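First listed ligand is number 1; within each ligand, the first listed atom is number 1. In this text, all values refer to a predicted model and were calculated from it rather than measured experimentally.
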Amino acid sequence: MPLFEYECEDCGKQFTEIVLPWEKDKVIVCPGCSSKNVRKLVSRFSYHQSEQDRLSKIDTSAQRDDSYYKDDRNIGLWAKKRAQELGVDLGPKFEGVVEKARSGKILDEYNK
Ligand SMILES: [Zn+2]
């Protein structure tokens, strides 16, 4: 099956779409918010896999030491994992916060 991964640029939703060879010009619409502002996730697929990997390795009952936070890729992962365990959907807003935290921009906002 010609399955492709897409990410919505507007709401951050990731979804899989079947695009048949004769449908190359098919307009992909986000199932979450109906936006056409979506992009294909090809190169980033492995990135997402590895984040899933890290997520699955996190033990939320264990103590986290300082070295955990020195890897900024871990910022937000713990919260995500915890939310997964609780069955909470943090939504795209949370992803935005994590992105800001990872890039350090979140500090700019607090300093305003
Ligand atoms: Zn969307």
Please list, one pair per line, the donor and acceptor atoms closer than 3.5 Å that link side chains of residues 29-36 to other protein atoms, with sequence neighbours excluded.
unit_1 : atom_1 : unit_2 : atom_2 : d
Ser35  : OG     : Asp10  : OD2    : 2.5
Ser35  : OG     : Asn37  : N      : 2.9

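- Rounded to the nearest 0.5 Å, atoms CZ (Phe4) and CD1 (Ile18) are 11.0 Å apart.
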Working note: Gln14 + Leu41, criterion side-chain contact (heavy atoms from CB on, under 4.5 Å); need CA distance, chi angles, decisive distance, verdict.
CA-CA 9 Å; Gln14 287 173 14; Leu41 294 175; 4.0 Å; yes
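- Protein N/O/S atoms nearer than 2.8 Å to the Zn ion (ligand 1) total 4.
- Between the CD atom in Glu7 and the NZ atom in Lys40 there is a gap of 15.0 Å [rounded to 0.5 Å].
- Nearest heavy atom pair, residue Thr16 against residue Glu5, reads OG1-OE2, 3.0 Å.
- Both Leu3 and Leu20 are members of a single hydrophobic cluster when ILVMFWY side chains are connected at heavy-atom separations under 4.5 Å.
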